[in-house]
Each structure stands twice: as C-alpha cells, then as structure tokens.
Visitor: 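Here it is: the structure, laid out below.
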Number of protein chains: 2
Amino acid sequence: MALPRAARTQRRTRIQEAKEEQILEAALEVFSLHGFRGATVDQIAEVAGMSKPNLLYYFRTKETMHRALITRVLDTWLDPLREFDAEGNPVSEIRSYIRRKLEMARDFPRESRLFANEILQGAPNIEDELKGPLKALVDEKAEVIRTWAKAGKIAKCDPYHLIFSIWSTTQHYADFDVQVRAVLGQDNAGEGRFEDAARFLEQLFIGGLNVSEQPSEV
Amino acid sequence: MALPRAARTQRRTRIQEAKEEQILEAALEVFSLHGFRGATVDQIAEVAGMSKPNLLYYFRTKETMHRALITRVLDTWLDPLREFDAEGNPVSEIRSYIRRKLEMARDFPRESRLFANEILQGAPNIEDELKGPLKALVDEKAEVIRTWAKAGKIAKCDPYHLIFSIWSTTQHYADFDVQVRAVLGQDNAGEGRFEDAARFLEQLFIGGLNVSEQPSEV
DNA sequence: TGATAATTTGACCGGTTGGTAAACATTACA
DNA sequence: TGTAATGTTTACCAACCGGTCAAATTATCA
C-alpha cells in the first residue's frame, strides 16, 4: 500500500502515467463546468471511469488534483503569447496571435473555462503563478509592443490593455459560448461563427492599431 | 405561520421588502464569488445576518433565491445597451456605450461576475432569458449598427461580433479583476486602470471602426 | 389590552460530501 | 515460481448540505 506520488525517486510506472492522464482529463471536464467548489470527486471519478478511492490513490485530495490540472494547463495556455516574436512584422504578429488565441478558444474551450472559473472565484490557488510567471511573460511582450509603437510601426497604445483586450475578445467565444449561441440564434451559431469572429477581430485590431490613421506624435 | 411570498394579493410589508433586499444583497455577494453550486445557504444566511430558517422563510429554496437575483440583475444589466440610440451620432453612441459598460464593470463587479458564473456553467437557469429578451434586444441594436454601416457612417462590420467584443473587453475588468491586478502589478493596479482602459478601448474601437480608413465598398 | 397574524429560531432530518481503513487483486521482478 | 510492491475495491465515517418542524418571539390592529 505505497503511495504512488511519493515514490518520485523512481520513474513513474506506465500505469501511473496513464491513470493520472485519465484523471486529469476527467477533472478538466468537471472542474471547467462547475468550478472548484461546485465539482465533486465522485463526479470526476465517474467520468474517469474508476472508483473514488482509486482516484484518491493517485491524487490524495481534491485540491491536489485541481492544482496539478491548473499548473499543467496554464503552461500550454500561454504558448501563443510565447510565440509572439519581437523580430517579426508587428501587424502580422498581432494578427496571428489573435488567430492562435481564437483557435484555442475553439479547440480547447474547457481549458479556457477552467481558468475563467478560477480567476472569477478569486484565483485562490494560482495567485502566485499570476503574479510570477504570467506577469513576467506579459511584461516582456508588453515591452516589445511598446518598442514597436515608439518606432512608429503601430499606433501608440497601452500594451497591457491591448493584451487584455485580445485575451478577453478571443476567450469570450469559449467562456461565454452559451450566450454567443443564444444571441446568434441557431441559424448563425454554426462553426462559422469562429471565422466571422476572426474576420471581425482582425478588422478591429488592425484598424485600431494601424499607424496610418493615428496622429503621429513623433 | 403564513408564507409571505404567497400573500401577493396584499401589499408587501415594509419588513418583507427590507429583508428580501438584505437577502438578495448577501446572495449577490456569495453567488458571484462561488457560483450556484459552490454557494451554500448557510453562507448566504451568515452574510445576510440572519438564521438559515429565517432566510428560507423568505425564499423557500436556494434556486428560488438565485432565480430572483438573476432576473433582477439582468434587467438593470442591459440598461446601457437599451440607451443605445439609433438617432444619435454613431461614433459617440459607441463611445458612450463602451464608457457606460466600463463604469458598470467598475461599480458593479459582483453583478458582472454573477452572470459570468452563470454563463460559464452553461446558464442552466437563464437560457430562456438569453434566447428571448436578450437576443431580441441585441437583434434590434445590431440592425441599427448595420444601418449605420450601410449609410457609410462607420466601417462595415459584423454588428453581433462588435457587440460581443464590447461586452468582453469591458466586463473583463470585472470578471478577471484578480488577473488584471496581478499582471499590472501593485504600482499600476490602482483605480487609474479603468481610465487607462477607457482610453485604450476608445482608441481601439473608434480607430477600428472609423470609416475613413476602411475601403468604402459603396 | 388582547388576540391574531407575521416573523424568528434551535433542533433536527435524510442525503451528499471529501476522505479513510483494510481487505483483496494484480503486477513487477529476483 | 514466489514474494513484495503496486493497484483496486467495498464498506464506512464525520462533516456538511438543503430543507423541515414546532415552538417561541414580535408586530399588527380591533
């Protein structure tokens, strides 16, 4: 009756890896829909297709499981921002960042909702990660944007609020999916809504940041 | 031992009105932070400063309470969009709509989070209201925007996604407040962030929708 | 004032929650 | 193969959940 997660001096068993994967997948499904407090361990166990004690053999508490899930998802969630390239063409960098974020909202809505739930409820478990790695990455990219603006390549604007607005507009299609569908109606709520959104957001951001129609102050 | 909410043939007592107010205020506080399933009646009762049975004397179930709260808040929440005036100047109408939404995010963050929680978790209790009154209102205003675009007063764009983007960017400052603060750091996370946001969003939307730099297709 | 209705409360209930104990089954490996 | 480590299950627990009940308290008004 050894505890699997304590035995870290040795390599993890194949079965451990598979089960933990299976559990985190189920946890994502449930946590993203109900939030931390609203989710139940029984529910996650059922989705994972195993008994509750068996699940708790791999993750000793509900919180351990939640924390493991958040940490893992946060990492991949920030990939699009990491790809943001200081050497690239500003307009096309912003354009493809928007596109990547929108694709993630379409393909990984549960991950988006997991964060939204966590942040919405005060981010009790990941405040450190927000103030640490996340802030560091955003600071870095904000500096890139500021450099572009100073060089006159894009309109002068607050880089932090620019990033916020890209986050919010794109993630909206994952987090508020129910509302988006309800408002668009069943005629217009097909998968085409992501392409319509992409077209609109490109127009909005490229137009709003185009240097040509901003008063150049340099 | 009469039931107060059944006695609707007569006028509500002053004490009834006050208590119900008190309860909904507490319910807003708790529901907005934990969502429906995450909130507990005991917690709401404690915040409201009364015993649980006393609370349940006014709202017989947790769901009744939640529904009453949502219905009331949804109504005032849509006020800014109702003020959207077809006869006004397009640019200043959009500008003041953004400003009003941003003020609501600043002054009523709990209301915003209440909806965010509800929508995020699949909107089980308000799907009808989304597909009914909300959709009707948005349809109406979308038609106004489309008219403006056809008249060449603003750039041609998808009016629904325009509204979505205004919703998401402004409500972001209420719903994701913790993240916004964490990223901005304590130096820049003062109340000035709302003014910075207002300035940025104005630039973004007015620039992105300005007809002057859009190829006129008419 | 007194009686009647409205309000408030402590004690309680059945069901669910996160988590545990220990027996049982399976795997890894000498 | 044997045995020790790993994995799984059944039965269970105390705490908490939404909600009820009957008794006690307070407001209303003839």
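For the numbers below, each heavy atom of this structure counts, side chains included, while hydrogens, waters and symmetry mates do not. Because the structure is predicted, anything quoted here is derived from the model rather than measured. Per chain, numbering begins at 1; letters A, B, ... match sequence-line order.
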Visitor: Between D:dT9, C:dT8, D:dT8, which one does the side chain of A:Tyr58 approach most closely?
Guide: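 Side chain of A:Tyr58 sits closest to D:dT8.
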Visitor: Mind calculating the distance between OH (B:Tyr57) and P (C:dA6) to the nearest angstrom?
Guide: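 For the pair B:Tyr57 OH and C:dA6 P, the rounded distance is 7 Å.
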Visitor: Going by an N to O cut-off under 4.0 Å, is there a salt bridge joining A:Glu140 and A:Lys135?
Guide: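 Judged by the 4.0 Å cut-off on N to carboxylate O distance, A:Glu140 and A:Lys135 do not form a salt bridge.
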Visitor: Write down the distance between CG (A:Asn54) and C1' (C:dT26), rounded to a whole number of angstrom.
Guide: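 Taking CG of A:Asn54 and C1' of C:dT26, I get 12 Å after rounding.
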Visitor: Can you check whether A:Lys19 has a side-chain N or O nearer than 4.0 Å to OP1 or OP2 of D:dT8?
Guide: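 Yes, such a contact exists.
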Visitor: Heavy atoms only, 4.0 Å cut-off, all strands: where does B:Thr40 land among base, sugar-phosphate and nothing?
Guide: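 Touches sugar-phosphate only.
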Visitor: CG of A:Asp42 versus P of D:dT9: gap in Å, rounded?
Guide: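 Rounded to whole Å, this separation is 14 Å.
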Visitor: Hey, which of these two, A:Met50 or A:Arg37, hits DNA chain D nearer its 5' end, going by closest nucleotide?
Guide: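 Closest to the 5' end, via its nearest nucleotide, is A:Met50.
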Visitor: Inspect the surroundings of CZ in B:Phe194 and state if more than 12 heavy atoms from other residues, nucleotides or ligands are less than 6.0 Å away.
Guide: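 Yes, the 6.0 Å shell around CZ holds more than 12 heavy atoms from other groups.
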Visitor: Is A:Lys52 side chain donor-acceptor paired with the C:dG19 base, going by distance under 3.5 Å alone?
Guide: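 Such a pair exists between side chain and base.
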Visitor: Taking NZ from A:Lys62 and P from C:dT20, how many angstroms apart are they, rounded to a whole number?
Guide: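 Atom NZ in A:Lys62 sits about 14 Å away from atom P in C:dT20.
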Visitor: D:dG7 C1' sits how many Å from A:Gln22 CD, rounded?
Guide: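 It is 13 Å, rounded to the nearest whole Å.
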Visitor: Hey, do the aromatic rings of B:Tyr173 and A:His161 have their centres closer than 6.0 Å?
Guide: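 Yes, the ring centres sit under 6.0 Å apart.
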Visitor: Expressed as a whole number of angstroms, how long is the span from B:Glu46:CD to D:dG18:P?
Guide: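 Those two atoms, CD and P, are 13 Å apart.
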Visitor: Atom CG of A:Leu56 and atom P of C:dA22: how far apart are they, to the nearest Å?
Guide: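 That distance rounds to 17 Å.
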Visitor: Under 4.0 Å between a side-chain N/O of A:Ser51 and OP1 or OP2 of D:dT9, yes or no?
Guide: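 Indeed, a polar side-chain atom of A:Ser51 lies that close.
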Visitor: For B:Ala45, answer base if it contacts any base atom (sugar-phosphate contacts may also be present), sugar-phosphate if it contacts only those atoms, and nothing otherwise; contact means non-hydrogen atoms under 4.0 Å.
Guide: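 Result for B:Ala45 = nothing.
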Visitor: Report the nucleotide, chosen from C:dT8, C:dG19, D:dG18, that has the shortest atom-to-atom distance to any side-chain atom of B:Val41.
Guide: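 Of the candidates, D:dG18 comes closest.
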Visitor: Rounded to the nearest angstrom, tell me the gap between atom CZ in B:Phe31 and atom P in D:dG18.
Guide: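 So the CZ-P distance, B:Phe31 to D:dG18, works out to 9 Å.
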Visitor: Ignoring hydrogens and geometry, is there a side-chain-to-backbone donor-acceptor pair from A:Lys101 to A:Leu81 under 3.5 Å?
Guide: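 Not a single qualifying donor-acceptor pair exists.
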Visitor: Using only heavy-atom distances, determine whether the side chains of B:Asp139 and B:Tyr160 contain a donor-acceptor pair under 3.5 Å.
Guide: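 B:Asp139 vs B:Tyr160: donor-acceptor pair found between side chains.
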Visitor: Looking only at side-chain N and O atoms, does A:Gln16 come under 4.0 Å of OP1 or OP2 in D:dT6?
Guide: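 The answer is no; no side-chain N or O of A:Gln16 sits under 4.0 Å from OP1 or OP2.
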